[in-house]
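These notes are about the structure you will find just below.
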Number of protein chains: 2
Amino acid sequence: MLSDIEIAQKAVKKPIIQLAQQSAGIPEDQLEPYGRFKAKISLDYINTLADRPNGKLILVTAISPTPAGEGKTTTTVGLGDGLNHIGKRSIICLREPSLGPVFGMKGGAAGGGMAQVVPMEDINLHFTGDFNAIALANNLLAALIDNHIHHGNSLGFDLRRITWRRVMDINDRALRDMVVGLGGPANGYPRQDHFDIVVASEVMAIFCLATSIADLKHRLSKIVVGYTVDKTPILASDLKAQGAMTALLKDALAPNVVQTLENNLAFVHGGPFANIAHGCNSVLATTTALKLADYVVTEAGFGADLGAEKFFDIKCRKSGLRPSAVVIVATLRALKYHGGVEVKDTPKENLVALEAGLVNLKRHVNNIKNNFGLPCVVAINHRTEDTDAEVEQLKASLAAEGVNVVLARHWAEGGAGAAELARVVVDLCEQPSEFKFLYQDNDSLWDKVHAIATKTYGAADISADKKVRAQIEQLEQNGYGQLPVCIAKTQYSFSTDATLRGAPSGHTVNIREVRLSAGAEFVVMVCGDIMTMPGLPVTPAANAIDVDDSGRIIGLF
Amino acid sequence: MLSDIEIAQKAVKKPIIQLAQQSAGIPEDQLEPYGRFKAKISLDYINTLADRPNGKLILVTAISPTPAGEGKTTTTVGLGDGLNHIGKRSIICLREPSLGPVFGMKGGAAGGGMAQVVPMEDINLHFTGDFNAIALANNLLAALIDNHIHHGNSLGFDLRRITWRRVMDINDRALRDMVVGLGGPANGYPRQDHFDIVVASEVMAIFCLATSIADLKHRLSKIVVGYTVDKTPILASDLKAQGAMTALLKDALAPNVVQTLENNLAFVHGGPFANIAHGCNSVLATTTALKLADYVVTEAGFGADLGAEKFFDIKCRKSGLRPSAVVIVATLRALKYHGGVEVKDTPKENLVALEAGLVNLKRHVNNIKNNFGLPCVVAINHRTEDTDAEVEQLKASLAAEGVNVVLARHWAEGGAGAAELARVVVDLCEQPSEFKFLYQDNDSLWDKVHAIATKTYGAADISADKKVRAQIEQLEQNGYGQLPVCIAKTQYSFSTDATLRGAPSGHTVNIREVRLSAGAEFVVMVCGDIMTMPGLPVTPAANAIDVDDSGRIIGLF
């Protein structure tokens, strides 16, 4: 079997301008080429689409992630190709990969096997420069804060209460915690500071929720960057930062189009973290794709408890998007891991562990159906080691509870391998459904967290110490109580303990910290240790990445 | 009069692919478009040009910079358009602007008036992403260093002797001096660290001197990032960093083409600082342009004492480039400033100050002629307030010493305004000349600095304290004695005292610090306070930059 990058490099790609024209009717002069195989769709053109009807929106989500791997992006690509394979006009919408994992441990994020988006190397490296624009906008704002303080601090920043952090798109643990402004009066005032990875920036979240240049600028202006000594919020607009930040982001805001290995159009745009942000590609990409295709397949970060919940309660709530069906991805290996076996043993047949692990999947299915009122199907991302006995038992167990399940072979076979999944999804989209949110805007922030924890995570209750409760109260007094909440907790468990696999219940979710994302319009509730600047492993992937004598990139995965 | 950005936004641009094809014969499939008006020329195509004859290379340099402004880039653009105007096939080669000055004080760097390269906003903001690639390659190497130390430090880094710095393309004084790695064992070992602006990175210098992907990788592998306790150098190759860094830089290394307001082809590629680096656009851009045009006009940073000297002694020495003529740019305002008047008074006629300030210009002219054996012409970048009496006196004074001088009106009139300058330059290129370097490779590092200081700066001698002399000796023992030197001193004076205008002489140049750029292949001799991370002013340019309701960028200058 060839590696992902070898498959991607053998792909027979169509010129993207021609492909976008032929498959989606986008006029050539409304596309900005970035090389031959990447392009941006002009915002002016997007404005002309407003009156068109929308296609059906399908969300691909997953069980709680495991080290055994699930293949959510791969399934999103496979399902999109599968829909096109059965004659349905379909476009997929993915997030842009971060360089952190590319050079670290996880690798790229352009799908795998026969279900990939290409050009894989470009998408995984700089792509069209969006993340750079976001990093610079973020860091310009940071520089303006320290510069303002250096030149007299007329806004009255409390140096201990600056909440805005700098960012870099590299896994660099040395930058997590630092003291900047050292070296004497010419370098400003010393203070504690932190770098996050770019995908954790509020600018990334804003970028992905903005519906226009004007909305982007308005949201940037509302960012709370710090507080005065009497805790009055100081905004980006107080520093006159939003105009220059918008200038840096203007070109990036236009959605990117690339193609799958099967020459189907794919949007890849934006990529916020799924813990301290909402974890979905840009609203502009999704809404545009819905005007250009009958079926739009998109994914959300992490498992359904985090990614899908935020997709519905943040992205859909705020943008007016309404999904028609949900696909929940699992692998037999991952289910066996949830059933208690070690990663190294997951390839072996183990019917007991499989059955035990199904509790994780079943809770996610119930959440989608009952919390959000949406029809769903389980997609088993087939692996060569899966045994017939395991597949049969899985199907029987799920059928007994009325859960749809399809074995999908897109990794090995591309769109043809996902044809059955595509047919089931098309049927689901025709079913009557009553999409609903998990909480209402005017519920209190506390009640919003309580609703998510008890209805989705199986928790008995939520808690927070006095200081955090006071912060929540302060936010409501400052007028931020109407915002949705964005829960940052471990993705590996329904609980806040990463080691509790399966479907733990009866636990208490403790809110450890509260962070306001006023421009992105949500309140982050930090429940557990959240890493917003990853580190590199002992042997980083970077060590193996190279350019060969013919100029070809090797070692990327 | 319209502002620069207003003129640029009214330009009638040709599609760059078509322009590059028609004016330089570059096949369409050898150009990677970045939008409609920017493109990169493929390295494969550049390899096919090797056997073609070279055009004539013309360097544009300037008097010692003043706050009154000289207009070197504007004159480079104007001369290029002027050569095309008189029927000579000409291409200009410029440096890419840094975002630091764009958001800080100086503004963009795409020329001015009727002599600009376009699209001005794109070139001044992200352009084709080259600086981002350089920043990421630099910062990946930094992360690999701290990660290596965190995981056991088997290479034996002395934490006090890590020389590699992180970079950002924002003026941010708070990042000049910091302590990173705080927060406990999970975040690595605390140590002092520094950010430079991207243009000050050795990766930028390497990028601009590399002649191929293989040469780039080889140079990256040679970077010295720090030392062990016994002062043994540790290289980027010891961290296996060069492959991933090359992967990040691969696309960026292909030269960028854009156009002037008069639809003439322009290369804009690379942009190293002219103090701690050599201050010229990429070797690949210059050598490629020479294969595609009969005349190539390029510029070097700061005044001729720094920019031109490094262009000759570093860039030309290492690349085999051989210039045919030199243009030295001055304005009457700047000459009057060198003659002792304050900036605010420079617009007023002042024949005495003008004559006094001419000493600066004359020394630069003599240096070009005598040190480097090249024919040169002085281009007076005309301003509306210049009086006839001043122009006549200047011409007479220079004619008395046999110096060519031309009044150039490209700022107001474009290429037609530089036609006379173009004709003089064409004549100069036909004059016999004997280009020579200021020193030889096998001169000692000390003698190299001595030659530059005494022959170019008018210094009586050079000095260095014992510690610096020991460092120089150590470098020679480590095998770096054959490298050229790169002097980092104030650009405002021939001396190391920024306040000494005109043509000071008899001073001593003190070497304060030595920095090895082993991958770029030069030794930086720091003579004075060198700012490698600028700060923002009280009212940053960023405050006025905005995007209007139609999506147009405003406030950029």
Side-chain angles (χ1 to χ4, degrees), chain A residues 32-36 43-44 99 103 125-126 129 132-133 136 139-140 142-144 146-147 150-151 168-183 186-188 193 213-214 217 240-241 243-244 246-248 250-251 535-536 538 540 542-543 545-547 549 551 553 555-556, chain B residues 32-36 43-44 99 103 125-126 129 132-133 136 139-140 142-144 146-147 150-151 168-183 186-188 193 213-214 217 240-241 243-244 246-248 250-251 535-536 538 540 542-543 545-547 549 551 553 555-556:
Chain A
E32 286 276 301
Y34 282 68
R36 249 156 257 293
L43 296 177
D44 288 342
L99 277 176
F103 290 121
L125 293 174
H126 310 294
N132 176 45
L136 286 167
N139 293 340
L140 175 62
L144 291 171
D146 282 301
N147 187 59
H150 176 70
H151 287 298
M168 187 181 284
D169 199 20
I170 295 278
N171 286 3
D172 195 344
R173 68 170 67 72
L175 301 183
R176 284 176 189 155
D177 200 347
M178 55 175 58
V179 175
V180 299
L182 298 173
N187 298 351
D193 196 11
I213 291 282
K217 188 158 73 177
K240 298 191 181 73
T246 305
L248 281 168
K250 181 180 88 75
D251 290 347
L536 292 169
V538 178
N543 286 6
I545 294 172
D546 205 348
V547 181
D549 291 342
I553 289 178
L556 210 63
Chain B
E32 286 276 302
Y34 281 68
R36 249 156 260 292
L43 296 176
D44 288 342
L99 277 177
F103 290 120
L125 294 174
H126 310 294
N132 177 44
L136 286 167
N139 292 340
L140 175 63
L144 291 171
D146 282 301
N147 187 59
H150 176 70
H151 287 298
M168 187 181 284
D169 199 20
I170 295 279
N171 286 3
D172 194 345
R173 68 171 67 73
L175 301 183
R176 284 176 190 155
D177 199 347
M178 55 174 58
V179 175
V180 299
L182 298 173
N187 298 352
D193 196 11
I213 291 282
K217 188 158 72 176
K240 299 192 181 71
T246 305
L248 281 168
K250 180 179 90 72
D251 290 346
L536 292 169
V538 178
N543 286 6
I545 294 172
D546 204 349
V547 181
D549 292 342
I553 290 178
L556 210 65

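In what follows, chains are A, B, ... by sequence order, proteins preceding strands, each numbered from 1.
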Q. Excluding sequence neighbours, so at least two apart, what forms side chain to side chain contact (heavy atoms under 4.5 Å, CB included) with B:D169?
A. A:L136, B:S98, B:L99, B:F131, B:I197, B:V198

Q | Closest non-hydrogen atom pair, A:P540 against A:F103 | A | CB-O, 3.5 Å

(Q) Among B:A241, B:A244, B:G129, B:G183, which residue has the highest count of heavy-atom pairs closer than 4.5 Å to chain A? (A) B:A244

Q | chain B contact via A:Y34 - which portion, at a heavy-atom distance below 4.5 Å | A | both

Q) Pick from B:L140, B:L43, B:L556: which one has the most heavy-atom pairs with chain A under 4.5 Å? A) B:L140

Q. Between the main-chain N or O of A:H150 and the side-chain N or O of B:R173, is there a donor-acceptor pair closer than 3.5 Å?
A. no

Q: Heavy-atom distances under 4.5 Å only: say whether A:L248 touches chain B with side chain, backbone, both or neither.
A: both

Q | When B:M178, B:K240, B:H151, B:M168 are compared by non-hydrogen pairs under 4.5 Å with chain A, the top option | A | B:H151

**Q.** Side-chain heavy-atom pair B:N132, A:H126 within 4.5 angstrom cut-off
**A.** yes

Q. Based on non-hydrogen pairs under 4.5 Å, which of B:V547, B:V180, B:N171, B:N147 is most in contact with chain A?
A. B:N147

**Q.** For B:A143, all residues meeting side chain to side chain contact (heavy atoms under 4.5 Å, CB included), sequence neighbours excluded
**A.** A:I170, A:D172, A:L536

Q: For chain B, find which of A:L144, A:I213, A:D251, A:D193 contributes the most heavy-atom pairs closer than 4.5 angstrom.
A: A:L144

Q: Can you tell which part of A:A542 gets under 4.5 Å to a heavy atom of chain B, answering side chain, backbone, both or neither?
A: both

Q.
Which atoms of A:D549 are under 4.5 Å from chain B, going by heavy atoms: the side chain, the backbone, both sets, or neither?
A. neither

**Q.** Option that, when pairs with chain A are counted at under 4.5 Å, heavy atom only, ranks first among B:D44, B:V179, B:L125
**A.** B:V179

Q.
Quick check for you: among B:K250, B:K217, B:R36, which has the greatest number of heavy-atom pairs under 4.5 Å with chain A?
A. B:R36

Q | Heavy-atom contact with chain A under 4.5 Å, split by part of B:P33 | A | both

**Q.** Under 4.5 Å from any heavy atom of chain A - which part of B:A133
**A.** both

**Q.** Contacting moiety of B:A247, where chain A heavy atoms sit under 4.5 Å
**A.** both

